[in-house]
Number of protein chains: 2
Amino acid sequence: MATGRTHRPATRSRGIPEATVARLPLYLRALTALSERSVPTVSSEELAAAAGVNSAKLRKDFSYLGSYGTRGVGYDVEYLVYQISRELGLTQDWPVVIVGIGNLGAALANYGGFASRGFRVAALIDADPAMAGKPVAGMPVQHTDDLERIISDNGVSIGVIATPAGAAQQVCDRLVAAGITSILNFAPTVLSVPDGVDVRKVDLSIELQILAFHEQRKAGEDAAADDGTAAPAVAKDHRKGPDGDVPAVMPA
Amino acid sequence: MATGRTHRPATRSRGIPEATVARLPLYLRALTALSERSVPTVSSEELAAAAGVNSAKLRKDFSYLGSYGTRGVGYDVEYLVYQISRELGLTQDWPVVIVGIGNLGAALANYGGFASRGFRVAALIDADPAMAGKPVAGMPVQHTDDLERIISDNGVSIGVIATPAGAAQQVCDRLVAAGITSILNFAPTVLSVPDGVDVRKVDLSIELQILAFHEQRKAGEDAAADDGTAAPAVAKDHRKGPDGDVPAVMPA
DNA sequence: CCATCTTTGTGCACGCGTTCACAAAGACAT
DNA sequence: ATGTCTTTGTGAACGCGTGCACAAAGATGG
């Protein structure tokens, strides 16, 4: 191994499978909607339909949390909302910093989903001195120079990286050095972090490419006959974009 | 993974596992960077490090595409870029519509990652009449009334939903009815789509909640060894957090 | 109290994905 | 040509996640 690993070793997060953890927010959202409609109880079948999953899977997921249901009746909505919230750590307040206040960073700062559910945008940070002091989402943007102090003063442990790809690793390193242990990365780069730091990636480009793959397949295997094994004189010159994105359009 | 209530059995896409497809864009990005540096060949070990994955996994992934490597040498960078691009369907142009030009939609429209790699923003659509005609990312926003015509005229098959949650399903239905078969959904809702339509979800709130879960776990184990195997204690029943037995917090 | 009905919780089997480990394949030097 | 060295490609084992199917648990009614 040359570079540092970016994955946590153990999946045994107190016995709750990672796949289950990833679905808990889904359940929580559906339960919150039910709670707002004052629905007292819900069956695994109903809740599973609302969350878009299999009912057996949902029951198994809940079984990892404990036996919170009543046979013959279902689950108490309020109680389950509380239990899942507690399990996810949403009963406490999580200050979050957003680094890189460009188009995306600003949109994230304004995103309502951040403010709700226990997450609070503690600071907006950008490297551009011209941005410093400018209000975004009712909050002044602060300069990268103060990154360490901001994180320390606010006890921030979750950071969001919305910088260009080139700056992401550097920002990441500083965040980690400052005490951040969870990172949500929007930059199209693989981040290297030490053990104990969690990184989750959101990559719009990758999502689109996956869709394109399936779309191409759906579009018909009519033209899929030719394969590239006899690709004639692979073009050596590619149009290289400054930010590293090449359309890679090749002669067929 | 692809959401939606329609659990199609993956339809064994030409024998290429879904997990492999999801990693191909990652490889492609790393390869593109190598290509820009005019690196002629790369070993599976090097490329795996650059992409942040295991080298054996990478080799197995590539084996699904064919035998494109040379033993004792490695992979030809240019050739591999072409093969992966072709496999992902990036050798053709994919027109994309973005529906919901709020903060997030506008950021997406401006996002460079969209424009590159064969994706082209064909239209921006919003339900607000006040938005109609306003330029965003150098392109006039069009009204939802023309949604069907826009999709049809441009031959769009990929749609991005960046509307509020309440409007997402309705927009989704119209997109599907208009011929869209792939959807990238940013709205925090479970979308129902008919068979044959792919939906991928990007949910910032869910990502944060997953991070919070791990963060809470890390914070709660400062006293004991962080090895989870030593914590099979059945203290699950009615353990109350430091905040006591409070009813569920109800985020808006 | 007993019977019946509903729904949970879970044992089990299966399939997918990951990883190991190694033989096969080719490059390269002699 | 022959041997050595490097790296691929893959068979096989393993672990995780999923879904079925059913017994256990509790509600409900007589």
Side-chain angles (χ1 to χ4, degrees), chain A residues 1-2 5-24 26-27 31 39-49 51-77 79-80 83 210 229, chain B residues 1-3 5-24 26-27 39-49 51-77 79-80 83 210 228-229 234 236-237:
Chain A
M1 352 254 164
R5 295 258 65 91
T6 59
H7 261 299
R8 57 211 155 280
T11 329
R12 60 195 191 292
S13 318
R14 225 263 298 273
I16 300 182
E18 191 60 30
T20 295
V21 173
R23 280 188 294 268
L24 289 182
L26 220 53
Y27 302 145
L31 284 165
V39 177
T41 61
V42 64
S43 72
S44 65
E45 200 71 46
E46 294 168 322
L47 185 54
V53 301
N54 184 288
S55 68
K57 191 186 298 182
L58 178 141
R59 289 198 299 276
K60 180 149 292 192
D61 283 342
F62 285 175
S63 77
Y64 292 116
L65 306 183
S67 291
Y68 293 150
T70 304
R71 300 182 189 220
V73 176
Y75 299 92
D76 182 278
V77 172
Y79 189 57
L80 204 46
Q83 290 297 343
I210 295 173
T229 47
Chain B
M1 299 306 166
T3 45
R5 10 181 344 114
T6 57
H7 293 293
R8 58 166 172 71
T11 329
R12 205 57 294 146
S13 306
R14 193 58 177 182
I16 300 183
E18 190 61 29
T20 295
V21 173
R23 279 187 295 267
L24 289 182
L26 220 53
Y27 303 144
V39 177
T41 61
V42 65
S43 71
S44 64
E45 200 70 46
E46 293 168 321
L47 184 53
V53 301
N54 185 289
S55 69
K57 190 186 297 184
L58 179 141
R59 287 199 300 276
K60 179 143 290 194
D61 283 343
F62 285 176
S63 78
Y64 292 117
L65 307 182
S67 291
Y68 294 149
T70 303
R71 299 179 191 226
V73 176
Y75 299 92
D76 183 277
V77 171
Y79 188 58
L80 204 45
Q83 289 297 344
I210 295 173
T229 47
V234 288
K236 171 155 285 287
D237 300 306

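In what follows, chains are A, B, ... by sequence order, proteins preceding strands, each numbered from 1. Computed from a predicted structure; not experimentally measured.
Distance, B:Lys57 NZ to D:dT10 P: 18 Å, rounded to whole Å. Protein atom OH of A:Tyr64 is 17 Å distant from nucleotide atom P of C:dT8, rounded to whole Å. The distance between atom CG of A:Leu65 and atom P of C:dT10, rounded to the nearest whole Å, is 12 Å. The separation between A:Glu18 atom CD and D:dG15 atom P is 19 Å, rounded to whole Å. Atom CZ of B:Phe62 is separated from atom P of D:dT8 by 10 Å (rounded to the nearest Å). For B:Leu58 and C:dC20, the CG to P distance is 14 Å, given to the nearest whole Å. Rounding to whole angstrom units, CZ of residue A:Arg59 and P of D:dA23 are separated by 15 Å. Nucleotide D:dT8 holds its C1' atom 13 Å from the CG atom of B:Leu80, rounded to whole Å.
Between the CD atom of B:Gln83 and the CG atom of B:Asp76 there is a distance of 10.0 Å, given to the nearest 0.5 Å. Atom CG of A:Leu24 sits about 10.0 Å away from atom CG of A:Leu31, to the nearest 0.5 Å. The CD atom of A:Glu18 sits 7.0 Å away from the CD1 atom of B:Ile210 when rounded to the nearest 0.5 Å.
For the residue pair A:Val42 and A:Leu47, the shortest heavy atom distance occurs at CG2-N, 3.7 Å. Residues B:Gly15 and B:Pro17 share a closest heavy-atom pair of O-CD, 3.2 Å.
Across C:dA21, C:dT18, C:dG9, the shortest atom-to-atom separation from the side chain of B:Arg23 is found for C:dT18. Of the candidate nucleotides D:dG17, D:dC20, C:dC20, C:dC20 has the atom nearest to the side chain of B:Asn54.
For A:Arg59, there are no salt bridge (charged side-chain N to carboxylate O under 4.0 Å, His left out) partners at least two apart in sequence or on another chain. With sequence neighbours left out, the side-chain hydrogen bond (donor to acceptor under 3.5 Å, both in side chains) criterion links B:Thr20 to B:Asp61. The ring-ring contact (aromatic ring centres under 6.0 Å, His included) check on B:Phe62 picks up B:Tyr27, B:Tyr75, with sequence neighbours excluded. Residues forming a side chain to side chain contact (heavy atoms under 4.5 Å, CB included) with A:Ser43 (at least two apart in sequence, or on another chain): A:Glu45, A:Glu46.
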Do any N or O atoms of the protein come closer than 3.5 Å to N or O atoms of nucleotides 5-7 of chain D, and which pairs are they?
| from | atom 1 | to | atom 2 | distance (Å) |
| --- | --- | --- | --- | --- |
| D:dT7 | O4' | B:Gly72 | N | 3.0 |

Expected rows: protein N/O vs nucleotides 11-13 of chain C N/O, under 3.5 Å:
| from | atom 1 | to | atom 2 | distance (Å) |
| --- | --- | --- | --- | --- |
| C:dG11 | O6 | A:Lys60 | NZ | 3.2 |
| C:dC12 | N4 | A:Lys60 | NZ | 3.2 |

